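Right, one structure below, let's go through it.
The shown structure was predicted, so the numbers you read here are calculated from the model rather than taken from an experiment.
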Amino acid sequence: MEIIENYSLKLYNTFGIEAKAKYFADVATIQDLRKVLVFRRQKNLPILFIGGGSNMLFVDDFPGIVLKLNLKGIEIINEDEDFVYVKTQGSENWHNFVEWTLQNDFGGLENLSLIPGNVGTAPMQNIGAYGVEVKDYIEEVQTLELETGDERTFTNEECQFGYRESVFKNELRGQFVLVAVTFKLTKKNHQLHVDYGAIKAELEKEQIFEPSIQEISAAVIKIRQSKLPDPSQIGNSGSFFKNPVISNEEFAEIEKLHPEISHFKTDSGVKLAAGWLIEHAGWKGKRFGDAGVHDKQALVLVNYGNATGREIYELSERIIEDVKTKYDVTLVREVNIIQ
């Protein structure tokens, strides 16, 4: 393992933003990870972990040490007649892992197909799509404490999952690195989630009325590919904003002025479609230099080539202000801003 100074991060973030790390290390073992943590403590450096680089926007260079984690491996650690428990190292590519579960006919993650990033970031963000959140299939999360290098395992409850949230993004932010995740998946009697409008429509179009988990995954992939740009073709990090959740009372007021607003009700209130808000505020397809809003999905901000992180961040600020002015709804970024 080598610690490199003044290292370019352009190839390590899906936005393709040019930024430099003061120090950089590629870590493939827990032992090397502990060594880097000692180096970091000795120099009193801020630290940033990069997996797939899919959920971050570099606004400035990073003044500390960036760790590219390469902790790999998938193993079945327990199973019974109905369920299987799969421990997956944090650096496994998320979509490749989902494909592995489908090849083994393990159910639960099919609606989360083609989400960019690695397994280790899935609990942190509590990734979700098409009516499913990863929290519903996580048994526990294995971590390493940054200050001590000690291992600690968090149960599902201890992770304090919320909508695109977890304890690792809030109270314990910056205190732990997620190194492995154990999932509880179904072996039979899979609980299918096909009521989400886009999936239902896609399956009906294909005349699939009793879908398998593999067919649901295929439908999700087709939908995502039709709406979301490939980061290898155009820089982006997928959904840039969270779908805002507001109270029933707040929604009643908004609906009076905008009866056509896209929404769906949840146990905690009414969830609005951030993409709909941005599109109907007039931002879809807008481009400012090389920073822009995707022309097929307004929820996605893109780098057409040489945009800076600052330009994309400022574009997001303008969108937030405009949506607030027009709809009295405050959008929150889903992407982590590194500055």
What closest approach, in Å, do [X] and [Y] show between heavy atoms, and which atom pair accounts for it?
{"X": "Thr186", "Y": "Gly108", "answer": "OG1-N, 4.4 Å"}
{"X": "Ala307", "Y": "Ala291", "answer": "CB-N, 3.8 Å"}
{"X": "Lys135", "Y": "Asn126", "answer": "N-OD1, 3.1 Å"}
{"X": "His294", "Y": "Lys284", "answer": "O-CG, 3.7 Å"}
{"X": "Pro211", "Y": "Leu192", "answer": "O-CD1, 3.3 Å"}
{"X": "Leu37", "Y": "Gly149", "answer": "CD1-CA, 4.4 Å"}

Requested in this report: Any chance you could lay out the side chain to side chain donor-acceptor pair (under 3.5 Å) test for Gln125 and Asn55, step after step, and finish with the verdict?
Outcome: CA-CA 9 Å; Gln125 291 288 119; Asn55 197 52; 3.0 Å; yes

In Å and rounded to the nearest 0.5 Å, what is the [atom1] to [atom2] distance from [X] to [Y]?
{"X": "Glu321", "Y": "Ser316", "atom1": "CD", "atom2": "OG", "value": "9.5 Å"}
{"X": "Asn104", "Y": "Ile76", "atom1": "CG", "atom2": "CD1", "value": "6.0 Å"}
{"X": "Ile17", "Y": "Thr308", "atom1": "CD1", "atom2": "OG1", "value": "6.5 Å"}
{"X": "Phe97", "Y": "Leu102", "atom1": "CZ", "atom2": "CG", "value": "10.0 Å"}
{"X": "Lys184", "Y": "Tyr137", "atom1": "NZ", "atom2": "OH", "value": "11.0 Å"}
{"X": "Glu279", "Y": "Leu299", "atom1": "CD", "atom2": "CG", "value": "11.0 Å"}

Min side-chain heavy-atom separation [X]-[Y] under 4.5 Å:
{"X": "Glu206", "Y": "Lys222", "answer": "yes"}
{"X": "Asn243", "Y": "Leu272", "answer": "no"}
{"X": "Ile320", "Y": "Arg333", "answer": "yes"}
{"X": "Arg40", "Y": "Glu147", "answer": "yes"}
{"X": "Leu144", "Y": "Phe176", "answer": "no"}
{"X": "Val177", "Y": "Thr143", "answer": "no"}
{"X": "Tyr304", "Y": "Ile234", "answer": "yes"}
{"X": "Asn236", "Y": "Leu301", "answer": "no"}

Report summary line: From the list Leu277, Val270, Val332, Val323, side-chain contact (heavy atoms from CB on, under 4.5 Å) partner of Pro244 resolves to Leu277

Query - Residue among Leu71, Ile50, Val119, Val27 satisfying side-chain contact (heavy atoms from CB on, under 4.5 Å) with Ser91 - result: Leu71

Got a sec: does the [atom1] of [X] have more than 12 other heavy atoms crowding it under 6.0 Å?
{"X": "Lys326", "atom1": "NZ", "answer": "yes"}
{"X": "Glu210", "atom1": "CD", "answer": "no"}
{"X": "Lys286", "atom1": "NZ", "answer": "no"}
{"X": "Asn248", "atom1": "CG", "answer": "yes"}

Are [Y] and [X] co-members of a hydrophobic cluster defined by side-chain heavy atoms under 4.5 Å apart?
{"X": "Ile221", "Y": "Val300", "answer": "no"}
{"X": "Val134", "Y": "Phe161", "answer": "yes"}
{"X": "Met124", "Y": "Phe240", "answer": "no"}
{"X": "Val179", "Y": "Leu146", "answer": "yes"}
{"X": "Val98", "Y": "Ile74", "answer": "yes"}

Pair [X]-[Y], side-chain donor/acceptor within less than 3.5 Å:
{"X": "Asp82", "Y": "Asn189", "result": "no"}
{"X": "Asn306", "Y": "Glu18", "result": "no"}
{"X": "Ser247", "Y": "Glu250", "result": "yes"}

Report task. Please step through ring pair (Phe, Tyr, Trp, His ring centres under 6.0 Å) for the pair Tyr130 and His193, ending with a clear verdict. Result -> CA-CA 8 Å; Tyr130 304 108; His193 298 270; over 10 Å; no

Under 4.0 Å between a side-chain nitrogen and a carboxylate oxygen: does that hold for [X] and [Y]?
{"X": "Arg318", "Y": "Asp322", "answer": "no"}
{"X": "Lys22", "Y": "Glu5", "answer": "no"}
{"X": "Glu139", "Y": "Lys87", "answer": "no"}
{"X": "Glu165", "Y": "Lys242", "answer": "yes"}
{"X": "Glu81", "Y": "Lys187", "answer": "no"}
{"X": "Glu334", "Y": "Arg164", "answer": "yes"}

Query raised in the report: Phe24 vs Tyr7 aromatic rings, parallel, tilted or perpendicular, using cut-offs 30° and 60°?
Result: parallel

Report task. May I have the step-by-step check of salt bridge (charged side-chain N to carboxylate O under 4.0 Å, His left out) for Glu317 and Arg310, ending in yes or no? Result -> CA-CA 10 Å; Glu317 283 279 276; Arg310 178 69 59 184; over 6 Å; no

Short question: side chain of [X], backbone of [Y] - any donor-acceptor pair under 3.5 Å?
{"X": "Asn13", "Y": "Met56", "result": "no"}
{"X": "Asp32", "Y": "Met1", "result": "no"}
{"X": "Arg34", "Y": "Val36", "result": "no"}
{"X": "Glu92", "Y": "Gln89", "result": "no"}
{"X": "His280", "Y": "Trp276", "result": "yes"}
{"X": "Asp150", "Y": "Glu145", "result": "no"}
{"X": "Trp94", "Y": "Leu112", "result": "yes"}
{"X": "Gln175", "Y": "Glu171", "result": "yes"}

Query raised in the report: Can the positive tip of Lys271 be found less than 6.0 Å from the middle of the six-membered ring of Tyr163, inside 45° of the ring normal?
Result: yes

**Report entry** Ring centre gap for Phe168 and Phe154 strictly below 6.0 Å
**Finding:** yes

Query raised in the report: What's the verdict on side chain to side chain donor-acceptor pair (under 3.5 Å) for Glu311 and Asn303, showing C-alpha distance, side-chain angles and the deciding distance?
Result: CA-CA 9 Å; Glu311 289 170 337; Asn303 173 13; over 6 Å; no

